[in-house]
Protein chains: 2
Amino acid sequence: MAGRIDRNRAAPDMRGSDLEELIGYNLKRAYVIVQADFRASLGKDGLAPRVFSALSLVVQFPHTTQSALARMLDIERSGLVAIVDELEERGYLARTAVPGDRRVQALVPTTAGRHAYADIIAKVHAHEERLFSGMTRSERQSLLDLLKKFRDLEGQS
Amino acid sequence: MAGRIDRNRAAPDMRGSDLEELIGYNLKRAYVIVQADFRASLGKDGLAPRVFSALSLVVQFPHTTQSALARMLDIERSGLVAIVDELEERGYLARTAVPGDRRVQALVPTTAGRHAYADIIAKVHAHEERLFSGMTRSERQSLLDLLKKFRDLEGQS
DNA sequence: TTGAACTGTTTACCATAATAACAAACTTGC
DNA sequence: GCAAGTTTGTTATTATGGTAAACAGTTCAA
């Protein structure tokens, strides 16, 4: 144990490092964990997080346009095309013509889409329940509230 | 205002949606905001977040190997090669031979690397200070603590 | 001493996203 | 009414960040 290079297989302890005290770094690490578990929970052929979030909004706010959806998700509308394509291919929504404006196509969930969403949101809730089971209800609520507060403060881009 | 499709340019209000109550979704949105501001704070030719985090650990834990560093950052060691290459090209660290094991190359920060890191960490602290200025000191500490607690619980992958 | 394991590395690949350009459709100012 | 500007959905291109598989050289353990 003298003068040897540390060659442990376990992750070395970084406690007290600058990194560990940065919110940004911890946010990223936490996000990676949650995202990986989300995917695992929805299975190999499950919806990717971004596709899920689009479906969620289409189910809860039917007849929104792609542009409006992109603004809600805060992504470019060009990026939404592939997401909507996938949801349409899965039969979860339809692009429907809007009388009065031939540019836009309102996004309408199908019955299958609403049913699939009900199943999926249940799995997602179970995933968060399991993943955060080591934290108390009030700790989870605090975390959620703090994240929302931060987004409210900085989100008016 | 009757029967018309919502065509506002501003981001529609998603308050009360399922998405807004998911920790994972809020985590991601917060992460995207912080990461974008991080990059903006370090400028066009500044270090990317992952390169910064590698430099941080090399400065604070000199003579670690690439494998150990990859475990600390929880990324694949193949992915670390390009990061270490960049830091070496910038003259911030050196790969040095380790007597007794010709496989490993200990990562040692240069004097320039330590000075650069001091500058950069100051900018990073200023960035977080500015970004979270809408939250009280104790709110920020709570957020940090909750994120660390979550990582501690789930991090033993 | 032979087989297993570890290190750094390259190559290939995948996922997520932004940017730029475009045609079609709509709106506005005159 | 009409020209100029704007919005919508779309494609193509590019950047980024990461994993997986394979490999040669080296070390370790039975």
Side-chain angles (χ1 to χ4, degrees), chain A residues 4-10 25 28-29 31-33 35-36 38-40 42 44-54 63-71 73-88 93-107 157, chain B residues 4-10 28-29 31-33 35-36 38-40 44-54 63-71 73-88 93-107 157:
Chain A
R4 281 282 209 50
I5 275 278
D6 178 7
R7 226 180 283 109
N8 294 332
R9 311 136 215 62
Y25 184 73
K28 174 174 184 165
R29 293 291 297 262
Y31 161 65
V32 168
I33 293 169
Q35 192 248 30
F38 180 100
R39 286 173 194 280
L42 262 51
K44 191 180 176 317
D45 296 317
L47 299 184
R50 68 210 194 112
V51 182
F52 160 76
S53 60
H63 292 279
T64 41
T65 67
Q66 282 184 221
S67 288
L69 193 53
R71 282 190 291 265
L73 293 169
D74 200 27
I75 64 176
E76 291 298 315
R77 52 194 208 295
S78 63
L80 207 68
V81 176
I83 295 171
V84 173
D85 283 351
E86 178 178 339
L87 288 170
E88 198 174 34
L93 61 76
R95 289 169 159 111
T96 69
V98 171
D101 192 338
R102 279 176 297 171
R103 291 172 306 178
V104 307
Q105 295 168 264
L107 302 175
S157 51
Chain B
R4 280 284 209 50
I5 276 278
D6 178 7
R7 225 180 284 112
N8 292 332
R9 314 131 211 65
K28 174 173 183 166
R29 292 291 296 261
Y31 161 65
V32 168
I33 292 169
Q35 192 248 32
F38 181 101
R39 286 174 194 280
K44 191 181 176 317
D45 295 318
L47 299 184
R50 67 208 195 115
V51 181
F52 160 75
S53 60
H63 293 278
T64 42
T65 66
Q66 281 185 221
S67 288
L69 192 54
R71 282 190 292 263
L73 293 169
D74 199 27
I75 63 176
E76 290 298 314
R77 49 194 211 298
S78 63
L80 204 67
V81 176
I83 296 172
V84 173
D85 283 351
E86 178 178 339
L87 289 170
E88 199 175 33
L93 60 76
R95 290 169 158 110
T96 68
V98 171
D101 191 337
R102 279 176 297 172
R103 290 173 305 181
V104 307
Q105 293 168 266
L107 301 175
S157 51

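Letters go in sequence order (proteins before strands), and every chain restarts at 1.
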Look up atom CG in B/Leu107 and atom CG in B/Leu93, then write down how far apart they are to the nearest 0.5 Å.
6.0 Å
OP1 or OP2 of C/dT7 under 4.0 Å from side-chain N/O of B/Thr65:
no
Calculate the interatomic distance between A/Leu80 atom CG and D/dT10 atom C1'; express it in whole Å.
12 Å
For A/Leu87 and A/Ala54, which heavy atoms make the closest approach, and how far apart are they?
CD1-CB, 4.1 Å
Would you say D/dT10 has OP1 or OP2 under 4.0 Å from some side-chain N or O of A/Gln105?
yes
Would you kindly give the CZ-to-C1' distance between B/Arg95 and C/dG8, to the nearest whole Å?
8 Å
For the helix from C/dT1-D/dA30 to C/dC30-D/dG1, figure out the bend between the end axes, five pairs an end, and round to 10 degrees.
30°
A/Arg95: partners by side-chain hydrogen bond (donor to acceptor under 3.5 Å, both in side chains), with sequence neighbours left out
A/Gln66, A/Asp85, A/Glu88
Look at the side chain of B/Arg103 against the base of C/dC6 and say whether a donor-acceptor pair falls under 3.5 Å; ignore hydrogens and angles.
yes
Testing A/Leu47, A/Leu73, A/Leu69 for side chain to side chain contact (heavy atoms under 4.5 Å, CB included) with A/Ser53, which one passes?
A/Leu73
Residues forming a side-chain hydrogen bond (donor to acceptor under 3.5 Å, both in side chains) with B/Glu86, sequence neighbours excluded
B/Arg90
Measure from CG on B/Leu73 to P on C/dG8 and round the result to the nearest Å.
13 Å
Reading nucleotides 10-18 of chain C 5' to 3', which nucleotides get B (base under 4.0 Å from a protein heavy atom), which S (sugar-phosphate only), which -?
B----SSSS
Value in whole Å for how far the C1' atom of C/dG8 lies from CG of B/Leu87:
16 Å
Please state how far atom CZ in A/Arg71 lies from atom C1' in D/dG9, giving the value in whole angstrom units.
13 Å
Under the ring pair (Phe, Tyr, Trp, His ring centres under 6.0 Å) rule, collect the residues that match up with B/Phe38, sequence neighbours excluded.
B/Phe52, B/His127
Side-chain contact, heavy-atom cut-off 4.5 Å: B/Ile83 with B/Arg50?
yes
Could you state the atom-to-atom distance from CZ of B/Arg102 to C1' of D/dC28 in whole Å?
14 Å
Which heavy atom of B/Ala70 sits nearest to which heavy atom of B/Arg77, and what is that distance?
CB-CA, 3.8 Å
Contacts of A/Arg39 that satisfy side-chain contact (heavy atoms from CB on, under 4.5 Å) - sequence neighbours left out
A/Gln35, A/Ala48, A/Pro49
